[in-house]
Amino acid sequence: MMMVSNLSLSLLLLLPLAGSAFELSLHLTTKGAEELDSTFWAIATPSSDRYAKFLEVEELAAMIGSDQSCIDAASAFLKQSGGENLVVSPLKDSITATFLHGHSLLLSDAGHPKSTPDCVKFTVRKDHYHEGVYPRPRASASASAPYTISKIKNAYGMPTDLTAINPATSVMTWGPGTFGYSVAELEHLKLTQAPKINLDKVVFDNENHGEPGGDNFGEGQLDVNMLSAFALNATVIVSNTNTSSSTEESTGFGAALLDFLTELAGRETVPHVLSMSLGSLSAASCDLLCDAAIEEGYSQKDCDDYLAKQRQVCMFLTQDQTDKISMALQVLGTRGVTVLAASGDGGSHFSFQAFESDGGIGDVLNEASCANSIPVFPTASPYVLSIGGEMWRNGNSDHPITWSYLGSSGSGGGFSIQFDQPEHQKDVVAEYLKKDGMPPADSYNAGSRAYPDMAAVGVSGTSQSCPISAGMFAMIIDQRLNAGLPGLGFVAPRLYEVATKFPGEAFQDIVGGDSSTTCDTGFPATDGWDANTGFGRPIWDGWAKHFGEDN
Ligand SMILES: *[C@@H]1O[C@H](CO)[C@@H](O)[C@H](O)[C@H]1NC(C)=O
Ligand SMILES: *[C@@H]1O[C@H](CO)[C@@H](O)[C@H](O)[C@H]1NC(C)=O
């Protein structure tokens, strides 16, 4: 995917469509990026005197919010263009207006879009949602033998009937488009596997409840099933922000994720845990793939067009968009939210699986994919906890190995292209890279963010392991709240400290398998931390001791 300049991005989004109502958000130039970064890490680092001293929205708005002059200029632009109901975000980083009568006024007399003020970094347009025709979900949303809810809890030593008792404990899951769940399916899970699920505590975040049969609906069901079964009696908030007709596929997804995260980051009340199972290759990964196709004689447009037709493969637009998502994730961490993201289902090289072999661009992209570590976003962000997948050899829970599916899909892992390696990872990653069986050194950036951080059962994909882990963190946070402690916020620095200081107490190492899928090379699951299953799977007692209490 080519980097789009601010101007051409605005052109793209302001092209005339039918005259129905829509919203436009102008994302403004913010300040204080360095202060936010140092605050984020200080609040997440147990040895810091600022540890877990989470901030309020107003404090963050003062730190990062846009200058008044920019807010004024952007407001004037929106009003001049016919925008109504202007709302400045609580973090003062964006301003949104409603356009009730289409947007012809955004066009100049000559029919060209007016350019936005200089301090507007990019715009996000929110249309009414039209359901597209998508393939059925590929993952099954129910837990089947031997991977029943109680078997998984037993494998982690988690009491099967443990319920949250604090009324405040909450965990959120999000998806755009048809993302939602069926109450009947959840009731079925309660009847057959998890009688203590409290259906009254599963609530929608807004009026969008998804659409059965849609691609993301199956995703939502899996998230809700796992969250409500692993965080019994905690509030499970299901958020669907269907901002445009293309939010399930293609770059509309990136815009929807950005819109959701920035809005959530500015809310008065935020959940304790956020579980994100959706994602796709990062914008940088897609750039790398298209560069390879261009070298083979394809045009950027050939590549973009091809990738846009592949289901949930390249869904992020630009570096600006990625930067804004990073900022929102940092704000969420400083506000005390523990954000988890699924590590992806295509091992080290794909979003889900290899492209179809077509004697053409599909083969070129497969070759480039196998020659490189192709990271997935947002899981490769250093500001989320990345969750890989495990399964059990011969169905025996005593023998955990990396999750893989028919040799074509498997637990995602590898190294980011663009994010530096955070301090807390450096020692364990260096140890790991000394081991045998690593992919060729020129196929990945050994100095960048390595993922995943840990793993849980992912036989329905890492979209299962992520909400299982998120549910377990919500239960730990319930314990903390009951003891008068705050939530955990961004938990990775603490998790790395616990896992290295007390090996075998909070995580059971997973050894066996790798992230090669259809390619020759992948990252092996080895002794200790690895770029396939992280530190391994949870051990409940160790979590309760090392994350549930502060000493
Ligand atoms: C989202 O989808 C629901 C139907 O599933 C629809 O009622 C709602 O208007 C949509 N929201 C937006 C912002 O398009
Ligand atoms: C469920 O949570 C509520 C608080 O919201 C608490 O009063 C109740 O005791 C809990 N129920 C169980 C079975 O733990």
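Both counts, for ligands and for their atoms, begin at 1 and track the order of listing.
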| Short N-O contact, Asp205 and Arg267, less than 4.0 angstrom | yes
| Short check: is a protein heavy atom less than 4.0 Å from atom 9 (O) of ligand 2? | no
| said: Check Lys324 with Asp93, please: is the shortest side-chain N to carboxylate O separation under 4.0 Å? | reply: yes
| query | Salt-bridged, Lys545 to Glu549, with N to O below 4.0 Å? | reply | no
| said: Return the closest protein heavy atom for atom 5 (O) of ligand 2 as residue, atom name and distance. | reply: Lys201 NZ, 2.6 Å
| field | Distance-only N or O hit between ligand 2 and Asn198, under 3.5 Å | value | no
| request: Flag the pair Arg480 / Asp550 as yes when at least one side-chain heavy-atom distance between them is below 4.5 Å, and no otherwise. | output: yes
| query | What atoms of ligand 2 come within less than 4.0 Å of a heavy atom belonging to Pro167? | reply | 4 (C), 5 (O)
| Would you say Asn233 and ligand 2 have an N/O pair spaced under 3.5 Å apart? | yes
| message | Heavy-atom contact check, 4.0 Å cutoff: does Lys196 meet ligand 2? | response | no
| remark: In this structure, atom 13 (C) of ligand 2 is nearest to the protein heavy atom Thr163 OG1, 4.0 Å
| said: Under 4.0 Å from a heavy atom of Ala164: which atoms of ligand 2 are those, numbered in the order shown and with their elements? | reply: 1 (C), 2 (O), 10 (C), 14 (O)
| query | Tell me, do Phe473 and Phe230 make a side-chain contact under 4.5 Å, heavy atoms counted? | reply | no
| query | Does Thr338 reach the side chain of Phe490, with side-chain heavy atoms less than 4.5 Å apart? | reply | no
| field | Centroid-centroid distance, Tyr383 to Phe40, less than 6.0 Å | value | yes
| note | Heavy-atom proximity to atom 6 (C) of ligand 2, picking from Asp478, Leu232, Leu162, Ile165, points to Ile165
